[in-house]
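Working notes for the structure below.
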Amino acid sequence: MARGGKSEIAARPDLDALKVPGQQTAEPKKRVAYFYDQNIGNYHYGPGHPMKPHRIRMCHSLVMNYGLYNKMEIFRARPGSKKEMTAFHTDEYIDFLSRVSPDNMDAYAKEQMKFNVGDDCPIFEGLFEYCQLSSGGSMEGAARLNNGSCDIAVNWAGGLHHAKKTEASGFCYVNDIVLGILELLRYHPRVLYIDIDIHHGDGVEEAFYTTDRVMTVSFHKHGEYFPGTGEVRDVGAGPGKYYAVNFPLRDGIDDTTYKSIFEPVIQHVVDWYKPGAIVLQCGADSLSGDKLGCFNLSMKGHANCVAFVKKLNLPLLMLGGGGYTMRNVARAWCYETGVAVGQEVGPDMPFNDYYEYFGPDYQLDVKPSNMDNANTVEYLEKIKQQVFENLARSKGAPSVQMQPVPRDLDLSDDEDLDDPEKRVPQRLWDKRVVPENEFEESEDEESNGLHGVRYAKSVRHGRVSKSSESGAGAKSSRGQRVRGTVDTLPAAATKLQSIHDTTHSRSAMNGNGAHQNGGDSVEKDGDVVMGSDSGASTAATTSVVSSTAGDTEMTEAH
């Protein structure tokens, strides 16, 4: 194979100058909804397995300690239900996932073979709850995009693009992406799906292979590489013919060459297809140095895709995906959260709960290596022209006969407005994001003396569910969701913890209110180390917090 590569010096100059949109332009800031559940990092695929949900907790620790939570709303999504999952998956498959466990797996030997569960997709403790958290965030994010309460929704626990209708595949059990797209299709005639994971997004493509209402675009490694699909000739079938776009790549693609294909292809697709919303799968295994990857993208080269899609000014659902060098995944997704909110973070890394993971440089950066780039200019141009020709054969933006959508329930609460503790309507809480100049560092103690407790509302499918539990260790029961805008500064986290200890002693914490995993161990890129759940600096993550500039009081708003 002919190999022609670019050195690191040649690949990075234009990406080093990358600035987050909103910093250097007058582009309006986006309303960002960020979904995170503190329990997501507790699940473990098993010893030696490359997929580690703990990476999401590491990313969240960085997001909190960079102060990005002040720029967005943070939600704890209601876990996805079996009924919602069967909007795509079969009843039999979802029922199996909800029943099987390490204790009874021997009784389901036949079903394990049928549903491809066992090796790459092992049965571990809490498997179905893990699927519920992942899918719940994606569906909730899509619902909030639908009702216009945010411009960008972020769920780093999602992006599991290999799961099929009736089987698990590639570490993925429930395809939260398909479920999120189905939610978006309730309001949008056309949805564009973009996949920058190193693996082909075969599960999503297969789900929408015969429809023109979803166009799937995947940039991936092809050729003796899992899952083995995604040739440029795979363009869809039936009514969906030419609405599947695949851009197969070779080893070692770098920032410059990736940018040279990604931006023109996506711009051409958007101009041609005219989607109403975009779903972007940000798999981080396309980064340089990934344990299972073979690309050579830097953190900024990867984030450039997010910045470009953001500039298209369409409702955007950002999801996670692959990524098996945990420290690099956390870096990239934290940086891309900053891209979403319009704030550039790094390169210096603040102290956080997993600071030792990021040594020896302790920088928020993933640098490319000196590996050869097997993607020649001629090869990339050939594939790009073939993609454009396939698009020209499609009907462009197909017309869609939409059915009336049932009216979603009003998020505001007008009852009990005479009660001073219930007079703030929900719609105002939904808009609550701290202005940049609201708090000074010296005002932490004063302004955050008390923190509000209020009911949560789920907007998915127009249904309302409430939860009144609060605190860093609060757990949402089935069918409930704890939501809230976290608008405190990290320095106030200790005080917040003491408030929870004295005021909310019934919260589901480990006895003393400090939600830690004590003697539990976590894997650090293959090594087992002792670690805490989130620490004092992120204790406010899933708290239901509300405050105003001049007055702060405890409130319960239905």
Side-chain angles (χ1 to χ4, degrees), residues 21 27-28 30-33 88 138-139 141-155 158-159 161 175-197 201 203-219 234-236 238-247 261-282 305-319 321 339-340 384 387-388 390-403 405:
E27 179 184 345
K30 306 292 187 181
R31 297 168 300 158
V32 179
F88 170 59
S138 297
M139 290 188 287
R144 290 197 164 268
L145 291 172
N146 281 344
N147 65 33
S149 60
C150 66
D151 303 308
I152 300 175
V154 181
N155 177 32
H161 59 171
N175 200 314
D176 65 285
I177 305 174
V178 173
L179 297 175
I181 292 175
L182 290 175
E183 178 68 24
L184 290 172
L185 288 174
R186 296 178 67 239
Y187 281 73
H188 300 282
R190 294 173 298 278
V191 174
L192 171 62
Y193 171 69
I194 304 171
D195 193 315
I196 59 174
D197 193 290
V204 183
E205 178 183 279
E206 181 179 303
F208 301 108
Y209 204 64
T210 60
T211 179
D212 57 7
R213 290 197 60 192
V214 178
M215 177 169 279
T216 59
V217 183
S218 179
F219 300 84
D234 296 335
V235 295
K241 191 171 185 178
Y242 302 118
Y243 290 95
V245 176
N246 287 295
F247 205 115
I261 60 169
F262 181 85
E263 294 188 0
V265 168
I266 296 302
Q267 188 65 60
H268 193 84
V269 167
V270 170
D271 293 343
W272 190 261
Y273 188 62
K274 294 180 173 57
I278 297 177
V279 177
L280 177 61
Q281 197 265 19
C282 305
C305 300
V306 177
F308 181 80
V309 173
K310 179 189 174 185
K311 289 191 295 184
L312 297 173
N313 293 319
L314 291 169
L316 175 60
L317 178 60
M318 290 172 53
L319 304 174
V339 171
K384 186 164 63 175
V387 166
F388 290 165
N390 290 338
L391 288 172
R393 295 189 180 101
S394 69
K395 299 176 183 178
S399 59
V400 178
Q401 183 177 358
M402 298 290 288
Q403 300 296 325
V405 179

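Quick caveat: nothing in here was measured; it's all calculated off a predicted structure.
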Can you name the residues that form a side chain to side chain donor-acceptor pair (under 3.5 Å) with Y193, not counting sequence neighbours? D195
Is the backbone N or O of G240 less than 3.5 Å from a side-chain atom of T211, with the two atoms forming a donor-acceptor pair by type? no
Check: L185 main-chain N/O paired with R213 side-chain donor or acceptor under 3.5 Å: yes
Between N155 and S138, do the side chains contain a donor N or O and an acceptor N or O under 3.5 Å apart? yes
With a cut-off of 6.0 Å (strictly less than), are more than 12 heavy atoms of other residues, nucleotides or ligands near NZ of K241? no
Evaluate the ring planes of F308 and F262, with Trp represented by its six-membered ring, and classify them as parallel (under 30°), tilted (30 to 60°) or perpendicular (over 60°). perpendicular
Report the C-alpha separation of L145 and C150 in whole Å, then their side-chain angles, then the decisive distance to 0.1 Å, and conclude whether the side chain to side chain contact (heavy atoms under 4.5 Å, CB included) test is met. CA-CA 6 Å; L145 291 172; C150 66; 3.7 Å; yes
Taken in chain and number order and not counting sequence neighbours, the residues that satisfy salt bridge (Lys or Arg N to Asp or Glu O under 4.0 Å) with D234 are none
Checking D176 side chain against G159 main chain: does a donor-acceptor pair fall under 3.5 Å? yes
Sub-3.5 Å donor-acceptor pair from the side chain of R190 to the main-chain atoms of P398, do we have one? yes
Considering residues at least two apart in sequence or located in another chain, which fulfil the salt bridge (Lys or Arg N to Asp or Glu O under 4.0 Å) criterion with R31? D151
Taking the side chain from Y273 and the backbone from V214, do they hold a donor-acceptor pair closer than 3.5 Å? yes
In short, I261 meets F219 closest at the heavy-atom pair CD1-CD2, 4.1 Å
Please report the shortest heavy-atom distance between I152 and A340, naming the atom on each side. CD1-O, 3.8 Å
Shortest non-hydrogen separation from G180 to A142 and the atoms involved: O-CB, 3.4 Å
